[in-house]
**Student:** 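Encoded as structure tokens, here's the structure I'll be asking about.
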Amino acid sequence: ADGFWEFGLHPWDVAAGLNLLTFTDKWDETNYDWKSKGNNSFYVYGRMFHQVNPQWTIVPNGGIIIGKYEAEGYDDGTPQAVDRNEKYNTMTFWAGLGAHYTPATNVLAVGEVGLGSHSQKHKVTFPTSATSNYENKDTYLTLPYFKMGLEGKVFDWMDIRFGATSNWHRNTWENVDATPYKEKYNYPDNNTYFGTGLHFGNLHIDTYTDPQIFMKGFYFISGSSSGYDGDDLNFHVSVLYEFK
């Protein structure tokens with residue numbers, strides 16, 4: 001189950017929601033492997049569109065997500081008893097400054113720079129063996145992140161889109177039980193995107209295409225087993241038909 005609220009705080013758009021999750025995992029009709037024990041997350045997102053002039057619009061935005069996920073594992077006794085408890089506490093935050101730029105008719109460029117963080121605390125307890133309990137923390141700091149995209153009209157029936165993201169991560173993994181241990185990593189995460197928008201009257205088809213098509217080409221061009229002789233050309237395709 002989930003709840004969702006959206007409201008305006010002029011000149012901001014704000015959305016908030018609450019997600020609730022429950023589950024059971026059985027290995028037969030009467031015996032459990034796992035049961036959920038209180039799983040929920042709360043989030044708040046906000047953004048503002050500030051038009052500087054007909055070509056430029058500034059879009060500050062941000063959000064926060066706080067979650068708690070817990071489950072109990074059961075033994076194979078008769079009757080069954082809880083022999084393991086796992087609990088996750090998470091928090092995600094980001095804040096960015098975006099911009100929309102329209103250099104010409106039917107051309108839109110977007111960009112954003114910002115920072116973000118994600119932290120996760122994982123705790124495992126054993127009711128019958130407390131010495132086996134353990135706890136660790138995982139923290140990702142993204143400082144900064146960059147996003148950019150370009151969309152333009154090629155033909156009356158086709159738009160083309162390009163995009164790229166770069167996230168500069170700093171990851172810290174820490175064991176916080178009886179034997180403390182910490183590891184740190186710094187690394188970039190870069191991705192490119194390519195897509196098309198096809199329009200045929202009231203029918204609209206949007207594709208998310210693998211950008212590697214520009215490097216590898218189709219199989220009949222490259223003749224390479226790493227080309228598109230078996231890989232998916234499109235990751236996602238969405239279809240919309242407008243009834244008028």
Side-chain angles (χ1 to χ4, degrees), residues 2 4-17 43 45-63 94-114 116 142 144-168 188-244:
D2 62 86
F4 175 77
W5 303 272
E6 186 171 358
F7 54 92
L9 184 64
H10 186 76
W12 285 85
D13 294 327
V14 180
Y43 60 87
Y45 307 149
R47 66 181 181 180
M48 181 185 71
F49 293 90
H50 175 64
Q51 185 171 2
V52 179
N53 55 48
Q55 287 186 307
W56 284 96
T57 299
I58 305 299
V59 190
N61 65 91
W94 75 93
L97 180 62
H100 295 180
Y101 175 54
T102 308
T105 304
N106 297 320
V107 177
L108 173 64
V110 298
E112 183 175 334
V113 61
T142 304
Y145 70 75
F146 302 97
K147 300 179 180 179
M148 61 170 292
L150 179 67
E151 178 182 74
K153 178 180 178 181
V154 180
F155 306 107
D156 289 338
W157 53 272
M158 185 176 76
D159 302 324
I160 196 167
R161 309 180 184 109
F162 296 95
T165 61
S166 181
N167 298 287
W168 297 15
D189 180 15
N190 302 316
N191 293 281
T192 55
Y193 304 91
F194 171 59
T196 61
L198 309 176
H199 316 285
F200 307 100
N202 295 339
L203 177 64
H204 305 278
I205 303 174
D206 290 283
T207 70
Y208 172 18
T209 303
D210 191 337
Q212 288 295 318
I213 187 175
F214 293 104
M215 300 297 294
K216 298 179 180 179
F218 293 100
Y219 174 70
F220 70 86
I221 297 175
S222 66
S224 169
S225 60
S226 62
Y228 282 93
D229 57 339
D231 297 339
D232 293 331
L233 174 60
N234 293 312
F235 296 117
H236 304 288
V237 176
S238 62
V239 179
L240 171 66
Y241 186 85
E242 296 180 295
F243 294 92
K244 296 181 179 179

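If you read the sequence from its start, that first residue is 1, and numbering goes on from there.
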**Student:** Please identify each residue that fulfils salt bridge (Lys or Arg N to Asp or Glu O under 4.0 Å) with D159, with sequence neighbours left out.
**Tutor:**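 Scan of D159 (salt bridge (Lys or Arg N to Asp or Glu O under 4.0 Å), adjacent residues dropped) gives none.
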**Student:** F146: what forms a ring pair (Phe, Tyr, Trp, His ring centres under 6.0 Å) with it, not counting sequence neighbours?
**Tutor:**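 Expected list: W168.
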**Student:** Suppose we screen for side chain to side chain donor-acceptor pair (under 3.5 Å). Which residues come up paired with N202, at least two apart in sequence or across chains?
**Tutor:**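 N202 satisfies side chain to side chain donor-acceptor pair (under 3.5 Å) with no residue once adjacent residues are dropped.
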**Student:** List in chain and number order the residues that pass side chain to side chain contact (heavy atoms under 4.5 Å, CB included) with F49, two or more places apart in sequence or in another chain; answer none if no residue qualifies.
**Tutor:** D13, R47, T57, V59, H100
**Student:** Holding to ring pair (Phe, Tyr, Trp, His ring centres under 6.0 Å), I want the full list of residues that pass it with H50, two or more places apart in sequence or in another chain.
**Tutor:** none
**Student:** Y241: what forms a ring pair (Phe, Tyr, Trp, His ring centres under 6.0 Å) with it, not counting sequence neighbours?
**Tutor:** F243
**Student:** Can you run down the side chain to side chain donor-acceptor pair (under 3.5 Å) pairs that involve residues 101-114, sequence neighbours left out, and say none if there aren't any?
**Tutor:**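 Passing the test, one end in residues 101-114: N61-E112, E112-Y145.
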**Student:** Return the set of residues passing side chain to side chain donor-acceptor pair (under 3.5 Å) with T209 (not counting sequence neighbours), or none when no residue passes.
**Tutor:** T207, N234
**Student:** Does Q51 have any side chain to side chain donor-acceptor pair (under 3.5 Å) partners at least two apart in sequence or in another chain, and if so, which?
**Tutor:** none
**Student:** Name all pairs fulfilling the salt bridge (charged side-chain N to carboxylate O under 4.0 Å, His left out) condition that reach into residues 192-203, sequence neighbours left out, sorted by first residue then second.
**Tutor:** none
**Student:** Relative to the ring of H199, is the ring of H204 parallel (under 30°), tilted (30 to 60°) or perpendicular (over 60°)?
**Tutor:** perpendicular
**Student:** Using the test side chain to side chain donor-acceptor pair (under 3.5 Å), find all partners of N190 that sit at least two apart in sequence or belong to another chain.
**Tutor:**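 N190: side chain to side chain donor-acceptor pair (under 3.5 Å) contacts with S166.
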**Student:** Suppose we screen for ring pair (Phe, Tyr, Trp, His ring centres under 6.0 Å). Which residues come up paired with F200, at least two apart in sequence or across chains?
**Tutor:**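 So F200 forms no ring pair (Phe, Tyr, Trp, His ring centres under 6.0 Å) with any residue.
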